[in-house]
Amino acid sequence: MKKLIHSICFLFFIAIVFSSCISTKKTNKTDNKPKKQETNEIQKNDFSYKIIDFSEQFDYLETKIKYPEFKNFPVLNKYIKNTIFSNYDNFKSFAKTSWTEINDFNSKDSKSTLPPFEFNLESEIYFSKNIISVLLKDYVYSGGAHGNINLKAFNYHTEKDNFLSITDLINDSYNNIARECRTQLEEVLIHKNEILTTPSETDQMQIMINEGTFPQAGNFEIFTIEKNVVTVYFEPYSVAPYSYGIQKATIKLNNR
């Protein structure tokens, strides 16, 4: 009888311990959930980045490239890197062939060596709440009086994990966006421009502005946002001659 009582007590004790272990495991899982969510939220809001410095030097080409790499946004990083090195690889291939051909031709009449072509790229980074804006500026020289300046912009929504067009931000038609940009450019390039001295020069500038701000998506792809201000960029030759450089127009979101 005593053995039976001891057996029952032992089984009862094992049941209590087992039940206790199950309860503890459930409690630990519940306790860990808020901590995990909190950690993800911290990472999600971390916009930190480092600048990648890449350079190459050949007889035919000198290259300096600086671009951002964000800690927590691999999709954005991929688009930035692919865009830069796709363009660079194409130019590098062209430079090697073109520079060699020109240099070989010149060497027949002169002992001077053609200077190397150039590919230089820098970036600007802006933030507005959950949006990261990256503006890439490259200067490409392949002979002639001067090189060419090219711009590319990425506007990345960190929560939606996608890229934004200018109408996503401003929520207005291209007609109204074009009108606002055109008005600002006319003020700078025509009304306040002391270089223009003849009606013909003014007319030519107006034509360039009108063409560069025609209300279509392609004319307004290069933009950034910082806080509540959208800046639209226009490359040389798009709204003014090369000597005028990059032109800008700004639109405040709280005025829309």
Side-chain angles (χ1 to χ4, degrees), residues 51-69 79-125 134-154 185 188-190 193-198 200-214 216-224 231-249:
I51 295 295
I52 306 298
D53 196 345
F54 172 88
S55 63
E56 285 187 326
Q57 185 163 358
F58 307 95
D59 291 340
Y60 59 90
L61 178 62
E62 290 182 352
T63 302
K64 294 180 181 179
I65 297 175
K66 294 182 178 181
Y67 64 96
E69 184 179 87
Y79 272 79
I80 291 173
K81 187 174 181 179
N82 286 353
T83 298
I84 292 173
F85 284 97
S86 174
N87 292 337
Y88 173 59
D89 288 343
N90 288 336
F91 181 74
K92 182 179 177 180
S93 177
F94 160 79
K96 185 175 183 179
T97 302
S98 181
W99 184 91
T100 302
E101 290 177 351
I102 296 172
N103 201 55
D104 289 346
F105 179 81
N106 289 344
S107 65
K108 296 177 182 178
D109 302 320
S110 172
K111 293 182 179 180
S112 61
T113 303
L114 186 71
F117 291 170
E118 297 177 36
F119 188 99
N120 298 319
L121 182 142
E122 294 185 347
S123 55
E124 298 176 5
I125 300 96
V134 178
L135 178 68
L136 303 179
K137 292 182 179 181
D138 72 55
Y139 173 83
V140 176
Y141 177 75
S142 57
H146 58 73
N148 292 318
I149 297 173
N150 306 288
L151 304 177
K152 176 69 177 179
F154 298 93
L185 293 170
V188 173
L189 297 173
I190 294 179
N193 189 352
E194 297 179 356
I195 298 176
L196 301 180
T197 57
T198 66
S200 175
E201 292 175 338
T202 301
D203 290 344
Q204 288 300 315
M205 186 69 81
Q206 186 68 65
I207 291 171
M208 292 193 73
I209 294 173
N210 291 345
E211 289 178 351
T213 59
F214 185 80
Q216 62 182 15
N219 287 334
F220 304 95
E221 289 180 336
I222 309 170
F223 67 93
T224 59
T231 301
V232 186
Y233 301 82
F234 299 91
E235 297 171 323
Y237 293 125
S238 60
V239 294
Y242 181 88
S243 59
Y244 284 81
I246 298 169
Q247 296 298 313
K248 303 176 185 179

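These values consider heavy atoms only, across backbone and side chains, with no hydrogens, waters or symmetry-generated copies.
- Of all the heavy atoms in Met205 and Val239, the pair that sits closest is SD-O, 3.9 Å.
- When side chains are defined from C-beta on, Gln206 counts as touching Ile190, because their heavy atoms get closer than 4.5 Å.
- By the neighbour-count criterion of 12 heavy atoms within 6.0 Å, atom NZ of Lys248 is sparsely surrounded, having that number or fewer from other residues, nucleotides or ligands.
- Evaluation of the ring pair (Phe, Tyr, Trp, His ring centres under 6.0 Å) rule for Tyr237 yields Tyr242 as partners, not counting sequence neighbours.
- Side-chain contact between Tyr244 and Met208 is absent, with no heavy-atom pair separated by less than 4.5 Å.
- Here CD1 of Ile222 is found 10.5 Å from CG of Leu136. Values are rounded to the nearest 0.5 Å.
- Atom CG in Asp138 sits 9.0 Å away from atom CG in Asn120 (nearest 0.5 Å).
- Looking only at side-chain heavy atoms (C-beta outward), Glu56 and Phe119 stay at 4.5 Å or farther from each other.
- We find the CD-CD distance between Glu118 and Glu62 to be 6.5 Å, quoted to the nearest 0.5 Å.
- Note on ring orientation: taking the six-membered ring where Trp is involved, the planes of Tyr67 and Phe85 are perpendicular (angle over 60°, cut-offs 30° and 60°).
- Taking 4.5 Å as the limit, every side-chain heavy atom of Asn193 sits out of range of all side-chain heavy atoms of Thr202.
- The side-chain heavy atoms of Asn103 and Tyr60, taken from C-beta on, include no pair separated by under 4.5 Å.
- A donor-acceptor distance shorter than 3.5 angstrom exists from the side chain of Glu235 to the backbone of Leu151, with no hydrogens or angles considered.
- For the pair Phe54 and Leu121, the minimum side-chain heavy-atom distance is 4.5 Å or more.
- A cation-pi arrangement is absent between Lys137 and Tyr139 under the rule of less than 6.0 angstrom and at most 45 degrees off the ring axis.
- Atom OG of residue Ser238 and atom CG of residue Asn219 lie 8.0 Å apart, to the nearest 0.5 angstrom.
- Relative orientation of the Phe117 and Phe94 rings is parallel, given thresholds of 30° and 60° on the angle between their planes.
- Among all heavy-atom pairs drawn from Glu201 and Thr197, the shortest one is OE1-N, 2.7 Å.
- Between atom OG1 of residue Thr224 and atom CD1 of residue Ile125 there is a gap of 11.0 Å, rounded to the nearest 0.5 Å.
- With hydrogens and angles disregarded, no donor-acceptor distance shorter than 3.5 Å links the side chain of Trp99 to the backbone of Ser142.
- Qualifying ring pair (Phe, Tyr, Trp, His ring centres under 6.0 Å) partners for Tyr141, counting only residues two or more places apart in sequence or in other chains: none.
- For the atom pair Ile209 CD1 and Phe234 CZ, the distance stands at 9.5 Å (nearest 0.5 Å).
- Heavy atoms from other residues, nucleotides or ligands lying under 6.0 Å from CD of Glu122 number 12 at most.
- Within the 4.5 Å cutoff, no side-chain heavy atoms of Lys81 are placed close to those of Ile52.
- The two residues Ala240 and Leu189 come nearest to each other via the heavy atoms CB-CD1, 3.9 Å.
- Looking only at side-chain heavy atoms (C-beta outward), Pro236 and Ile246 come within less than 4.5 Å of each other.
- The only option from Ile84, Asn90, Asp89, Thr83 that meets the side chain to side chain contact (heavy atoms under 4.5 Å, CB included) definition with Ser86 turns out to be Asn90.
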